[in-house]
There are 2 protein chains.
Amino acid sequence: MSVRKSKANGAAGSARVSRASGAAAARHGPANAPSEDEIFARIYEAVLDHRLQPGTKLKEVALADAFGVNRAVVRKVLARLSYNRLVALRPNRAAVVASPTIDESRDLFAARRVVEAAIVECVARAASREGVKALRAHARQEQDAYARGETRRGLKLSLAFHRELARLAGNGVLAEFLDQLIARTPLVVLAHKSTSGDSACSDDEHAGIVEAIARGDAHAAMTAMTAHLTSLEGQLDLTGKTRAAPDLAAMFAVSEV
Amino acid sequence: MSVRKSKANGAAGSARVSRASGAAAARHGPANAPSEDEIFARIYEAVLDHRLQPGTKLKEVALADAFGVNRAVVRKVLARLSYNRLVALRPNRAAVVASPTIDESRDLFAARRVVEAAIVECVARAASREGVKALRAHARQEQDAYARGETRRGLKLSLAFHRELARLAGNGVLAEFLDQLIARTPLVVLAHKSTSGDSACSDDEHAGIVEAIARGDAHAAMTAMTAHLTSLEGQLDLTGKTRAAPDLAAMFAVSEV
DNA sequence: CGTCGCTAACGTGTTAACAATATGGTCCCT
DNA sequence: AGGGACCATATTGTTAACACGTTAGCGACG
C-alpha cells in the first residue's frame, strides 16, 4: 500500500512527544510515537476486537492525544481508513466508524465469493507442496487458538488464512483487493451479527478447502469456498444498532499487546 | 441552527483564490479554484490523454501553482491517486506517474477477467429492458465516436461502457473495485502498448457482449467478455520506456475542455 | 580521467496558528 | 410550558512558515 515508513523517529520523535503533552503520550507507553501505519493497525484491530463499534465518533484531537502524535497524522490515518470504508468522514463533522448497510454487506459477501472462488481455483491448479503445507499449518494453528478459547487470536488467524490463500494465488492485484474486502468483513459482521455468538470462520470449513486444494480439485475448492462464505453470511441478520463508546485514550492505552 | 450559514461558501472560495497567487490561478481560467475532485479528474484525464506519461514527476508546488490551490490540496489528491495506483509516492521524493510492471499488468487483466465475468453474468441473468437498451445506446455512441475519429472521446466511452455494466450488475462493492481496475488499465496500456496504434476497446466486441446479455445467455456473455479482455491484453508487449514532460502549468492550462 | 566527497538548491514532511463550521446550552418570546 | 433563535464552545478545515532529507553540480583527489 502506501510506502510510508522511515522518517524522523529519533530526534524528531522525542521532540514531538514532548510537545504533544507528555501525559497522554505516557499513557500508552514510553517515549515512542507510533507511526502512521501503527496507528492505522491499532484502530483496525480495535474494530476487530469490538472495542470500536460502528457509529463511534473518532475525534481528531482525541486520537492525536491518545497516540501522542500530531493531528495531521491522525488525519491521514482517517483518510486511509475511509478509503477502506472502515470509517466514514463527514465534512466538518467528526469521523465515525462506518456502519455498513444491509445492501453493502450483501454485496461484500457476493464480491468475496467471486474473488475468493477465483483465488482458490488458481491455488488448486498451481499448488506447490510447500504452499499446501503452509495452509495446513495455518488451519491447524487457527483451530488450536479457538480450542484454547483465544477468540481474538483465532479471528485474526482466520483472516490471515484468507490472506495467505490470496498470496498463494500469485495475483497481486486480486490479493490487494481481497485484502480490502477482508478488512471490511469484521465490521460488517459486527454491525449485523444475529446473536452475541462470535461469528468466525469455522476451522473445519477452512480445513475442507485446504484438502480440496491438496487434491488439486479446483471445482471442489471453489464450491467449498463459496459455501464457506455463504455460511458466514448466513450468520447475519438485518438489525442495525449503534452505540457510543468514547475515551479513546484509555481504550488504546489498555491494549499494549 | 438555520440562520447563520448562508455566507461562507462565496467568501471563502474567493479568499482562497486571491491568496494563492493571482498569476498562476489566472493561467487556467478566471477566479475558480478547482475542488479536490476536479483536480483528481484533471490529472486522471491527463493520463488518459497521454499527456502524462509513466515516470513523469508530479511536484507538489508545481501542481499547486498550476491549479491555483494550496499544497495541502495537491497532497490529498496525490494520496488518492496513489491509493488508486495511478501515481507512486516515494518518501521525501517527488511523486511520479506510476509505471506498472509487466507482472502487475498481467495481474490487472486477470483480475478484470474475474470481476467482469461475474458482472456480465449478473447482468445477463437479471437484465432489464431499459438496461439492455442503455447498453446498446452506449455501444452505438462509442462506435460513432471512433468512426468520427474522436479517439479520446471513444476511449472515455469505452471505459464508461464497462462502468455502466458494473452499475447494472447491482453490486456496489464490485462496481467500486472494477472502477479502480478500469482506472488503472489505461496506464498499463500506455506503459506497455506494442505499437503506436491506440489500443482501445473494439466496439464490435462490446456489441457482441451486449447481444449475449440481451439474449440472457450468461455463459456466452462471460465468454465474450473474457475474450474481449484477453484480446485487449494481447495488444501489449514487454517494452517499458519512460519519458519526462514537465511544465505542468501549461499542460493543464491548455486543456480547458 | 574517473571517482569520491562537499555544498547549495530544491522538494517533501511537519508543525502550529488561524479561519470557518457544527453543536449544545440558554434565553426570550409566544 | 414549549419552541425557536442566539451565543459559547468544541471540532474540523486551511494556511503559511519551518525543518528535514534528497538531488545535482562542482571541485579535489587518487
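All figures in this text were calculated on a predicted structure; none of them were measured in a lab. Below, chain A is the first sequence line, B the second, and so on; all start at residue 1. Hydrogens, waters and symmetry mates play no part in the numbers below; they use all other heavy atoms, side chains included.
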> Which of parallel (below 30°), tilted (30 to 60°) and perpendicular (above 60°) describes B:F161 and B:H138?
Replying inline: perpendicular
> Is there a side-chain polar atom (N or O) of A:R75 under 4.0 Å from OP1 or OP2 of D:dG13?
Replying inline: yes
>> Would you say A:N70 places a side-chain N or O within less than 4.0 Å of OP1 or OP2 belonging to C:dT14?
In response: no
> In whole angstrom, what separates A:D65's CG from D:dT11's P?
Replying inline: 11 Å
> What is the distance from CZ of A:R93 to C1' of C:dT23, rounded to the nearest Å?
Replying inline: 9 Å
> Rounded to the Å, how far apart are B:E60 CD and D:dA16 P?
Replying inline: 15 Å
> Considering residues at least two apart in sequence or located in another chain, which fulfil the side chain to side chain contact (heavy atoms under 4.5 Å, CB included) criterion with A:D103?
Replying inline: A:T101, A:R106
>> Of the options D:dT12, D:dT22, D:dT14, whose atoms approach the side-chain atoms of A:V61 most closely?
In response: D:dT12
> Starting at NZ of B:K76 and ending at C1' of C:dT12, how long is that distance when rounded to a whole Å?
Replying inline: 18 Å
> Nearest to the side chain of B:N92 - D:dT15, C:dG13, D:dT14?
Replying inline: C:dG13
> Residues in side chain to side chain contact (heavy atoms under 4.5 Å, CB included) with B:L168, at least two apart?
Replying inline: B:V123, B:L135, B:E164
> The side chain of B:K59 lies closest to which of these nucleotides: C:dT23, D:dT15, C:dT12?
Replying inline: C:dT12
> Hey, is the main chain of B:A72 close enough, under 3.5 Å, to the side chain of B:N70 for a donor-acceptor pair?
Replying inline: yes
>> Starting the side chain at C-beta, find the nucleotide from D:dT15, C:dT12, C:dA22 nearest to B:A94.
In response: C:dT12
>> If I take atom CG in residue B:L58 and atom P in nucleotide C:dG11, what distance separates them, rounded to the nearest angstrom?
In response: 13 Å
>> Looking at A:K57, I'd like to know whether one of its side-chain N or O atoms comes within less than 4.0 Å of OP1 or OP2 on D:dT11.
In response: no
> For C:dT15, does OP1 or OP2 lie under 4.0 Å from any side-chain N or O of A:R71?
Replying inline: no
> Angle class for the B:Y83/A:Y83 ring planes (parallel below 30°, perpendicular above 60°, tilted otherwise)?
Replying inline: parallel
> In whole angstroms, how far is the C1' atom of D:dT12 from the CG atom of A:L63?
Replying inline: 13 Å
> Just how far, in rounded Å, is P of D:dT15 from CD of B:E36?
Replying inline: 12 Å
> Could you state the CZ-C1' distance from B:R90 to C:dG11, rounded to the nearest angstrom?
Replying inline: 11 Å
